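Atom set for the values below is all heavy atoms of this structure, side chains included, hydrogens, waters and symmetry mates excluded. Just so it is clear, the model here is predicted, and its values are computed rather than measured.
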Amino acid sequence: MLTELERSVIGIARQDGLSTLRQPGQLTRWLGLVFGVRISPQLADPKLEALRRIAVLSWKRGYAIASAEVKAFLASGYSPAFYELVVDTIAAARQAEARRGRA
């Protein structure tokens with residue numbers, strides 16, 4: 001079962017693009033420091049950031065997630081069963097969105 005915090009992270013990931021998974025470049029970091037612009041939605045907690053990453057990938061690519069990403073997710077402390085729960089939850093939400101879009 002997903003906690004409320006985990007559900008929130010998955011919800012936030014729904015709005016994040018694949019570009020948020022890349023490390024910001026030096027210029028982007030500098031602009032963020034100078035102008036106070038949030039340069040990345042990366043989460044401070046490494047485990048929650050791993051959840052956000054896998055959720056972003058799942059929202060954008062469904063079940064087609066690179067094995068290296070899955071391995072990194074599992075290495076962050078999550079179980080294979082939890083991985084399946086996350087991607088299945090997102091798949092169900094994507095299907096529901098598609099049905100609502102057709103209605």
Notebook entry, point to check: Does the Gln15 side chain pair with the main chain of Ile12, one donor and one acceptor, at a distance under 3.5 Å?
Noted result: no

Notebook entry, point to check: Which heavy-atom pair separates Ala50 from Tyr78 by the least distance, and what is that distance?
Noted result: CB-CE1, 4.5 Å

Checklist line | Trace of the side chain to side chain contact (heavy atoms under 4.5 Å, CB included) decision for Leu18 with Leu57 | finding: CA-CA 7 Å; Leu18 293 173; Leu57 290 167; 3.8 Å; yes

Check: Could you state the interatomic distance from CD (Glu97) to CD1 (Ile90), rounded to the nearest 0.5 Å?
Finding: 10.5 Å

Using distance only, find each side-chain donor-acceptor pair of residues 58-67 under 3.5 Å and give its atom names and separation, not counting sequence neighbours.
unit_1, atom_1, unit_2, atom_2, d
Trp59, NE1, Ile10, O, 3.1
Tyr63, OH, Asp88, OD1, 2.7

Checklist line | Tyr83 OH to Lys71 NZ distance, which is reported to the nearest 0.5 Å | finding: 12.5 Å

Notebook entry, point to check: Is any side-chain heavy atom of Leu74 less than 4.5 Å from a side-chain heavy atom of Ser79?
Noted result: no

Check: CE/Met1 to CG/Leu85 distance, rounded to the nearest 0.5 angstrom?
Finding: 9.0 Å

Margin query: Among residues at least two apart in sequence or on other chains, which ones pass salt bridge (Lys or Arg N to Asp or Glu O under 4.0 Å) with Glu84?
Written below: none

Next item on the list: Nearest 0.5 Å please: distance from the CZ atom of Arg52 over to the CZ atom of Arg14.
Entry: 14.0 Å

Margin query: Quick one, Leu51 and Leu43 - any side-chain contact, counting heavy atoms below 4.5 Å?
Written below: no

